[in-house]
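What follows is one structure encoded as C-alpha cells, with my remarks underneath.
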Number of protein chains: 2
Amino acid sequence: MNYSRQREKILDVLTRNAVHPTADELLEFLQRENSNIGITTLYRNLNQLAEAGMIKKIDGLEPSAHFDHNTFNHYHFICEECKKVYDVPSDIAPELINNVRMATGFEIKSHDIVFHGICNKCKQKERK
Amino acid sequence: MNYSRQREKILDVLTRNAVHPTADELLEFLQRENSNIGITTLYRNLNQLAEAGMIKKIDGLEPSAHFDHNTFNHYHFICEECKKVYDVPSDIAPELINNVRMATGFEIKSHDIVFHGICNKCKQKERK
DNA sequence: CCTCAAATTGATAACTATTGTCAGTTTATC
DNA sequence: GATAAACTGACAATAGTTATCAATTTGAGG
C-alpha cells in the first residue's frame with residue numbers, strides 16, 4: 001500500500017471523530033475541514049484500511065456501514081433513541097469463542113456483537 | 001394483521017427451507033413452487049412478520065438481510081467458504097446481557113452475534 | 001534527480017437491495 | 001351483502017456502494 005494524502009487525512013479524521021461515523025458522515029467531517037475527497041476514494045480507502053486491519057468496519061447497523069478507528073477487540077451498542085453508537089468492552093463475554101468452538105467445531109475467524117437499546121442519556125430524558 | 005394467502009405461503013416456505021434465505025432466495029423458492037409473489041409483497045410481509053416477532057431478520061450479513069423462521073433466542077455463524085448460515089445456540093454466552101448492563105448501565109432490548117469462519121464441511125474439503 | 005511501473009484519485013455511470021406509490025383486490029365485520 | 005380496512009403487485013424511486021477508466025501521484029532503481 002502506497003502513501004496517499006487522502007488516506008492519511010481519512011484516517012486522521014476518523015481517529016479524531018471517534019463517533020463510529022458512516023461514510024456519509026465522514027465525508028461531512030472532511031468537507032468541514034476543507035478536505036474535498038471524492039466519495040469513491042473515501043469508500044475505497046475505508047475498505048482498504050479495514051482490509052489491512054487498521055480500522056474496523058461495523059456491519060449490522062442498517063442501512064449503512066459504520067467505521068471505527070478502534071481496532072481493539074470490542075463490541076457495539078446502538079441507542080434506538082439517539083442512534084449513537086457506543087463501544088462495549090470485550091470482557092463481557094470471556095469464554096465466547098471457546099464455547100462456540102466446543103458447541104460447533106467450526107473455526108472462528110472473527111465475530112461481532114451488536115446491542116440495541118436505550119443509552120443512559122436518553123433514559124434520563126425519558127424520565128423528565 | 002389480516003390473513004393473506006401470500007403471507008401464509010411465505011411463512012410456510014421460510015419454515016420448510018430453514019437455510020436463512022435472503023429475500024431473493026425466498027423468491028426463488030416460491031417460484032419453484034409456482035407461487036408468484038411480487039417482490040414488494042415479499043419484502044412487506046417479511047418486515048411485518050419480523051415486526052410481529054413471528055420471524056427474525058438477520059442483519060450484519062452484507063450485502064443483504066437474511067431471514068430466519070427460528071424465533072428462539074440464538075446466534076449465527078456464516079462460513080466464509082460456502083457462505084452458508086448456521087445457527088449457534090444462545091447458551092454460549094449465558095451472562096452476556098447482565099454483564100453489559102453492569103458495564104454500561106444501558107437498557108438492552110436486543111442483541112445479535114455473528115461469527116465468521118470456516119464450517120466443518122469446508123474444513124474437510126480443504127484438507128483434501 | 002529522471003524514469004517508469006504500480007498505486008491512487010475522482011467524476012461518472014452502474015448496480016443492488018430495499019422502499020414508496022397507488023389503483024385494484026381481498027378480508028373481516030356488521 | 002355492504003363497507004372500511006388491510007393487502008397486493010407493477011412500477012418508479014431511493015440509498016448505499018462498487019465498477020470503469022483516464023489522469024495524476026508515488027516510490028524504487030538507475
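All of these numbers come straight from a predicted model, not from anything done at the bench. Values below: every heavy atom of this structure, side chains too, minus hydrogens, waters and symmetry copies. Note on naming: letters A, B, ... go to the chains in the order of the sequence lines (proteins, then strands), and numbering restarts at 1 for each one.
- Without hydrogens or angle criteria, B:T41 side chain to B:I37 main chain gives no donor-acceptor distance under 3.5 Å.
- The closest side-chain donor-acceptor pair between A:H66 and A:D59, if any, does not fall under 3.5 angstrom.
- Of the residues B:Q6, B:E8, B:R7, the one that meets the side chain to side chain donor-acceptor pair (under 3.5 Å) test with B:N45 is B:R7.
- For the pair B:L49 and B:K57, the minimum side-chain heavy-atom distance is 4.5 Å or more.
- Mapped onto DNA chain C by nearest heavy atom, B:N2 and B:P63 fall at different nucleotides, with B:P63 at the one closer to the 5' end.
- Residues from residues 38-57 of chain B that place a heavy atom under 4.0 Å from any atom of DNA chain C, listed by number: B:T40, B:Y43, B:N47.
- Closest approach of B:L14 to B:D68, counting heavy atoms only: CD2-C, 4.3 Å.
- Distance NE2 (A:H66) to C1' (D:dA15): 14 Å, rounded to an integer number of Å.
- From one end of the helix from C:dC1-D:dG30 to C:dC30-D:dG1 to the other, with five pairs defining each end axis, the axis direction shifts by 30° (rounded to 10°).
- Looking at B:H20 and B:N70, their side chains never bring a donor and an acceptor atom within 3.5 Å of each other.
- For the pair B:N120 and A:G105, the tightest heavy-atom approach, listed with the atom from each and the gap, is OD1-O, 3.0 Å.
- Among all heavy-atom pairs drawn from A:E25 and A:T22, the shortest one is OE1-N, 2.9 Å.
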Enumerate, atom names and distances included, each donor-acceptor pair closer than 3.5 Å involving a side-chain atom of residues 108-115 of chain A, sequence neighbours excluded.
from   : atom 1 : to    : atom 2 : distance (Å)
A:H111 : NE2    : A:Y75 : OH     : 2.7

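- A donor-acceptor pair under 3.5 Å is absent between the side-chain atoms of B:T71 and the main chain of B:I55, judged by distance alone.
- Using a cut-off of 4.0 Å between Lys/Arg side-chain N and Asp/Glu carboxylate O, B:K125 and B:E81 are scored as not salt-bridged.
- Note that the first and last nucleotides of DNA chain C, 5' to 3', having any atom under 4.0 angstrom from a heavy atom of chain A are C:dA7 to C:dT12.
- A salt bridge does not link B:E126 with B:K121: every distance from a Lys NZ or Arg NE/NH1/NH2 to an Asp or Glu carboxylate oxygen is 4.0 Å or more.
- Taking every heavy atom of both residues into account, A:C82 and A:C79 meet most closely at N-SG, 3.4 Å.
- Heavy-atom neighbours of B:Y3 OH from other residues, nucleotides or ligands within 6.0 Å: above the threshold of 12.
- Residues of residues 4-29 of chain B having a heavy atom closer than 4.0 Å to DNA chain D, listed by number: B:S4, B:Q6, B:R7.
- Counting heavy-atom neighbours within 6.0 Å of B:E51 CD, excluding the residue itself, gives a total of 12 or less.
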Atom pairs under 3.5 Å, N or O on each side, protein against nucleotides 28-30 of chain D: can you list them with distances?
none

